[in-house]
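Note that these values count all heavy atoms, side chains included, but never hydrogens, waters or copies made by symmetry.
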Protein chains: 2
Amino acid sequence: MEFSPTAYVILGMLAWGPRSGYDIKADVDKSVRFFWAASYGQIYPELKRLSEAGLIEGQAQGGRRRTVYRITDLGAEALEAWLTEEPQTFEARDEALLKLFLADAAPETAVASLEAKLRNQEAKLKRLREVEASGDATGFTALVLRYGIESSEWMADWCRREAERLREETA
Amino acid sequence: MEFSPTAYVILGMLAWGPRSGYDIKADVDKSVRFFWAASYGQIYPELKRLSEAGLIEGQAQGGRRRTVYRITDLGAEALEAWLTEEPQTFEARDEALLKLFLADAAPETAVASLEAKLRNQEAKLKRLREVEASGDATGFTALVLRYGIESSEWMADWCRREAERLREETA
DNA sequence: CGATTCATGTAACTTGTTACATGATTAG
DNA sequence: CTAATCATGTAACAAGTTACATGAATCG
C-alpha cells in the first residue's frame with residue numbers, strides 16, 4: 001500500500017502520542033503547514049485508510065464524541081521506512097513573486113508586490129515566533145522551526161531592501 | 001471571466017512577444033517554474049480559454065505545424081489589472097523539510113534529509129546560474145532571478161551548516 | 001441560554017500531473 | 001536513415017480546498 005506524504009504527517013504526529021483528527025489538524029496548522037499544509041478533507045479520509053491498513057488504531061472516546069488514534073508497531077515501522085527514503089517533492093507557489101516577475105508589463109505595480117510578499121513573510125514570522133516562545137518545539141521540530149524563522153527573516157530583509165531600492169529609483 | 005495565476009503566466013509571457021504553447025512551456029521551465037510550475041496539460045487548455053475570451057489571438061504557422069499566439073489589447077489590460085491585485089497564494093511543499101521535522105521517530109535519518117535538501121538547492125542554484133550567465137534576464141525577471149539565487153544560497157548554507165553540526169554531535 | 005469551541009465527515013469542485021497518442025521537421 | 005527535437009493535444013488520475021451538514025460540550 002502506498003501512502004502520500006500527507007499520510008506520513010499524520011503518522012508522524014501520532015508517533016508523538018495519541019490524537020484525534022481534530023488535534024492533528026490543529027498541530028498541522030501551528031507547525032508543518034508552512035511547508036506541508038493539510039485540510040480536514042484530507043485528514044479524515046487518510047485516518048480511515050491508515051486505520052484500514054493497520055498502521056494506526058482508533059478508539060472512540062466517551063464524553064465529547066471523538067476518536068483518538070494511536071500508532072501501531074506496524075505504523076512505526078512504516079514511518080521509519082518512509083523517513084529513510086529519498087524525498088521527492090519540492091514545490092512552491094508564490095503569487096507575489098510571480099507578479100514581480102511579470103511586472104515589466106506594469107512597472108508601477110512592482111513595489112506593491114514586494115510589499116505584499118514582505119507582509120506575508122512578517123505574518124509568518126510572527127506566528128513562528130509565537131510557537132518558539134511557547135517552548136513546544138524540541139528536537140528536530142525546533143530545528144525546523146529555526147529554519148522557518150531564519151529563512152523568513154532573510155526573505156523579509158530581501159523584500160525590504162529591494163522595495164527600498166525600487167522606491168528610490170522611481171523617486 | 002476568472003483566470004487562474006497560471007493563465008497570467010501565459011499572458012505575461014505573451015506580453016514579452018508572440019510565442020507558441022511549446023515555447024511558453026520552455027520559458028516556464030527555465031524561469032518561473034521554481035515558484036509557479038505549469039505543464040502542457042494546463043498550458044494548452046488555458047491557451048484555448050484565453051483565446052475564446054479574446055485576451056490572446058492564435059495564428060497558425062506554415063512549415064512546422066504550430067500556432068503562435070500574441071496578446072491583444074484586451075489581454076494587456078487584463079494583465080495590468082491582475083498585477084495590481086493583492087497576491088493570494090503562498091504555498092510550499094518541501095518533503096525533505098517534512099522528513100526532518102518528523103525525524104525524532106528515527107534520528108539517524110535526519111542528516112540524509114538535510115543532505116537531500118542541500119542537493120536539491122544546489123541543483124536549483126546550478127540552473128539559475130546558467131540562466132544568469134545566459135544574460136536572458138533583464139528588468140524584473142533579473143530581480144527575481146537574483147532572489148532565486150541568493151535565497152537558494154542562503155538555504156544551501158543553512159543545510160550545510162546544520163548537517164555538519166548534526167554529524168559532529170553524533171560523532 | 002447563547003456563543004464558541006470541539007468534533008467528524010462528505011460532496012463538489014479546482015488544480016495540476018502523467019502518460020499517452022500523433023506526427024512533422026531537422027540534424028548528424 | 002534515424003534519433004532528437006519540435007509541436008499539439010487529451011484522458012485518466014491524484015491531490016487538495018471549500019463549503020456545507022451536523023451536533024455535543026463548555027464557557028461566560
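- For the pair Gln61(A) CD and dA24(D) C1', the computed distance is 15 Å after rounding to whole Å.
- Remark: Tyr22(B) pairs with no residue by the ring pair (Phe, Tyr, Trp, His ring centres under 6.0 Å) rule, at least two apart or across chains.
- Look at Ser20(A) and you'll find a side-chain N or O under 4.0 angstrom from OP1 or OP2 of dT8(C).
- Across the protein-nucleic acid pair, Glu91(A) atom CD and dA14(D) atom C1' stand 12 Å apart, rounded to whole Å.
- Between the P atom of dT8(D) and the CD atom of Gln59(B) lies a distance of 14 Å, rounded to the nearest Å.
- Distances shown here put every side-chain N or O of Thr6(A) at or beyond 4.0 Å from the OP1 or OP2 atom of dA15(D).
- If you measure from atom CD1 of Ile10(A) to atom P of dT8(C), you get 12 Å, rounded to the nearest angstrom.
- Summarising the geometry, the separation between CD on Glu2(A) and C1' on dC13(D) is reported as 15 Å, rounded to the nearest angstrom.
- Residues Glu162(B) and Lys117(B) are not paired through a salt bridge, judged by the lack of any N-O separation under 4.0 Å between the basic side chain and the carboxylate.
- By the salt bridge (charged side-chain N to carboxylate O under 4.0 Å, His left out) test, Glu115(A) pairs with Arg167(A), sequence neighbours left out.
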Check against side chain to side chain contact (heavy atoms under 4.5 Å, CB included), Tyr69(A) and Ile10(A): CA-CA 10 Å; Tyr69(A) 292 89; Ile10(A) 294 170; over 6 Å; no
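- For the pair Phe90(B) CZ and dT17(D) C1', the interatomic distance rounds to 18 Å; values are reported in whole Å.
- Electrostatic pairing of Glu132(B) and Arg129(B) does not count as a salt bridge here, judged by no charged N lying under 4.0 Å from a carboxylate O.
- Residue Arg93(B) contributes atom CZ, which lies 13 Å from atom P of dT17(C) at whole-angstrom precision.
- Between the two ends of the helix from dC1(C)-dG28(D) to dG28(C)-dC1(D), each summarised by a five-pair axis, the helix axis turns through 40° (rounded to 10 degrees).
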Output a table of nitrogen or oxygen pairs between the protein and nucleotides 2-6 of chain D separated by less than 3.5 Å.
from: dC6(D); atom 1: OP2; to: Tyr22(B); atom 2: OH; distance (Å): 2.9
from: dC6(D); atom 1: O4'; to: Arg64(B); atom 2: NH1; distance (Å): 3.2
from: dC6(D); atom 1: O3'; to: Arg64(B); atom 2: NE; distance (Å): 3.4

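- At a threshold of 4.5 Å between side-chain heavy atoms, the hydrophobic network of Ile, Leu, Val, Met, Phe, Trp and Tyr places Leu102(A) and Leu166(A) in one connected group.
- Using a distance-only test at 3.5 Å, with no hydrogens or angles considered, a donor-acceptor pair links the side chain of Ser134(A) to the main chain of Val131(A).
- Ion pairing between Arg165(B) and Glu169(B) holds under the 4.0 Å rule for side-chain N and carboxylate O.
- The same ILVMFWY cluster, assembled from side-chain heavy atoms under 4.5 Å apart, contains both Phe101(A) and Met155(A).
- The residue among Pro5(A) and Gly21(B) whose nearest nucleotide of DNA chain D lies closer to the 5′ end is Gly21(B).
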Please write out each protein N/O paired with an N/O of nucleotides 9-14 of chain C under 3.5 Å, distance rounded to 0.1 Å.
from: dT10(C); atom 1: OP1; to: Lys48(A); atom 2: NZ; distance (Å): 3.4

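- In this structure Gln88(B) satisfies the side chain to side chain donor-acceptor pair (under 3.5 Å) test with no other residue, sequence neighbours excluded.
- Judged by distance alone, the side chains of Trp154(B) and Ser151(A) never bring a donor and an acceptor atom under 3.5 Å apart.
- Rounded to whole Å, the distance from NZ on Lys25(B) to C1' on dT8(D) is 14 Å.
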